[in-house]
Structure formats: structure tokens, C-alpha cells
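This is a predicted model, so every value here is computed, not measured.
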Amino acid sequence: MPTLTSLKTWLQDKVVKPFKQYVTEGAEPSLLAWSASTGFTAGLCPLLGVSTVLALVLHFLLKMCSVHLHLPMLLLANLVSVPVEVACILPFMRFGEFIIRAPKLDAAPVAIKDMIFSNPGGALKGIGHALIGWLLAAPIIVVVLAQILKPILAWAAQRYSKHRQSTDDMHVLMLDQGMSDDAEAANYPISYQEPEPLSPSRGGAVMSRRASSSPSK
């Protein structure tokens with residue numbers, strides 16, 4: 001079972017670090033906002049398990065229409081939408097039922113479980129209603145979310161760019177300091193003096209002193 005620490009590490013590696021990288025690469029905040037809103041909205045599709053494929057299909061269809069999106073940001077937003085996807089199925093289903101004037105299906109957990117096993121047709125009907133609600137709400141979600149994200153991404157790009165620049169300046173300063181220390185050490189090499197050889201008389205005195213200090217057997 002994942003712990004809180006492992007979850008925090010996963011979010012840092014898979015969400016936070018890529019986000020900081022994308023907003024500091026120089027892409028326009030407007031492009032990133034539209035890409036994020038498109039990927040997030042695609043991730044809300046009630047058909048579970050198809051959100052990533054749907055996001056890629058939307059990206060290539062828009063590219064064929066000369067509408068270019070930032071694919072990494074689109075996929076990152078699609079990943080972030082996963083926890084929200086299941087929670088949005090019921091609102092989309094109610095919206096779809098309202099649009100087509102269909103009777104409301106019982107959304108209690110026990111009723112949904114019984115419907116899946118005893119009445120698969122009713123479950124598919126509910127998913128169809130949710131899909132209709134998502135299709136009608138998706139354009140509105142994309143536009144509104146993009147307008148909300150534009151100033152946020154512009155602020156994030158400015159903040160993280162300054163932080164990145166200060167970090168790079170510090171690395172350059174440390175590198176320059178290290179190079180200056182190396183140059184100073186090269187200009188003032190440490191001299192090595194060989195030990196003086198022992199004279200015969202001095203050597204004999206040392207040997208006799210060692211012999212006298214050694215224990216007798």
C-alpha cells in the first residue's frame with residue numbers, strides 16, 4: 001500500500017517537476033493554458049480507460065486543423081484529471097438526463113452494483129447519458145478552464161524562471177570560484193623537500209638506541 005511519503009515523491013517526480021519544466025521552456029502561457037484545459041477535459045470523459053487515447057486523438061485532429069497544442073502539458077493535465085474523472089460521472093449523467101428528458105437512474109452504490117450485474121443495459125444507458133452530458137459540457141469546460149489558467153501559468157512561468165535563473169547564476173559563481181581556487185593552487189605549488197640522509201655516526205646511534213629499548217628475550 002503506498003505511503004504518504006511515496007505519494008508525495010510520486011507527485012513531485014510526475015507532476016511538479018514536469019510542470020516547472022514546461023512553464024520555464026519559453027512556451028506562451030496561452031498555449032499552455034489551452035493545452036492543459038483540453039487535456040484535463042479529455043480526462044473527464046465518462047468512458048473509463050480511454051482518456052489518454054482520447055487526448056492524443058484530439059491533439060492530432062487539432063494539429064491537422066492547424067491548431068497546435070503543447071503535447072507534454074496536455075498529457076500532464078490529462079494525468080491530473082484522473083482523480084476527478086470518477087467524481088464527474090454522476091454530474092454528467094444528470095446533465096445528460098436533463099438535456100434528453102430521460103428519467104433519472106438510481107445512483108446509489110447498491111443500485112449501481114445491482115444494475116451492473118442484473119441489468120447491464122441500464123448501466124450502459126446511464127453511461128450514455130453521462131457521455132451526452134460530457135460532450136455538451138466539454139467545450140464550455142475547455143474555454144472557462146483556459147481563461148482561468150492563463151494568468152496562473154503566466155505567474156508560474158515568471159516565478160520559476162527567476163528561481164531557475166538564480167540557481168544557474170549560483171552554479172556559475174561556484175564554478176568560477178572553483179576555477180579561481182585551482183588557478184591559485186597552480187600558481188603557488190607546494191614544494192617538496194627530500195629528507196636529509198643520516199650520517200654513519202648518527203645512524204649507528206639510532207640503531208644502538210633501538211636495540212637498547214627492545215625487550216630482552
TODO: From the options Leu69, Leu79, Leu56, Leu62, select the one residue that forms a side-chain contact (heavy atoms from CB on, under 4.5 Å) with Leu74.
DONE: Leu69
Task: Residue from Leu149, Leu145, Val142 passing side-chain contact (heavy atoms from CB on, under 4.5 Å) with Phe40 - done: Leu145
Backbone of [Y] reached by a side-chain donor or acceptor of [X] within 3.5 Å:
X: Trp34; Y: Lys150; result: no
X: Thr41; Y: Thr38; result: no
X: Ser35; Y: His70; result: yes

Treat each ILVMFWY residue as a node, draw an edge where side-chain heavy atoms are under 4.5 Å apart, and state whether [X] and [Y] are in one component.
X: Ile141; Y: Leu135; answer: yes
X: Val50; Y: Leu75; answer: no
X: Ile100; Y: Phe98; answer: yes
X: Leu76; Y: Leu32; answer: yes
X: Leu58; Y: Leu31; answer: no

Rounded to the nearest 0.5 Å, how far does [atom2] of [Y] lie from [atom1] of [X]?
X: Ser51; Y: Glu85; atom1: OG; atom2: CD; answer: 5.0 Å
X: Tyr160; Y: Tyr22; atom1: OH; atom2: OH; answer: 14.5 Å
X: Leu44; Y: Ser81; atom1: CG; atom2: OG; answer: 5.5 Å
X: Met73; Y: Phe19; atom1: CE; atom2: CZ; answer: 5.5 Å
X: Lys63; Y: Leu71; atom1: NZ; atom2: CG; answer: 8.5 Å

Task: salt bridge (charged side-chain N to carboxylate O under 4.0 Å, His left out) partners of residues 88-100, not counting sequence neighbours, each pair once - done: Arg94-Glu97
Minimum heavy-atom separation for [X] to [Y], with atom names?
X: Ala55; Y: Asn78; value: CB-ND2, 3.8 Å
X: Ala42; Y: Leu54; value: O-CD2, 3.9 Å
X: Phe92; Y: Ala137; value: CE2-CB, 4.0 Å
X: Leu105; Y: Gly126; value: CD1-CA, 3.4 Å

- [ ] Decide yes or no for Pro29 and Val23: does some side-chain heavy atom of the first lie under 4.5 Å from some side-chain heavy atom of the second?
- [x] no
Open item on the list: Counting C-beta onward and ignoring hydrogens, is there a side-chain heavy-atom pair between Trp134 and Leu47 closer than 4.5 Å?
Closed with: no
Task: Heavy atoms of other groups near Glu28 CD, more than 12 under 6.0 Å - done: no
Task: Candidate pair Ser37 and Val143, rule side-chain contact (heavy atoms from CB on, under 4.5 Å), full reasoning - done: CA-CA 8 Å; Ser37 63; Val143 173; over 6 Å; no
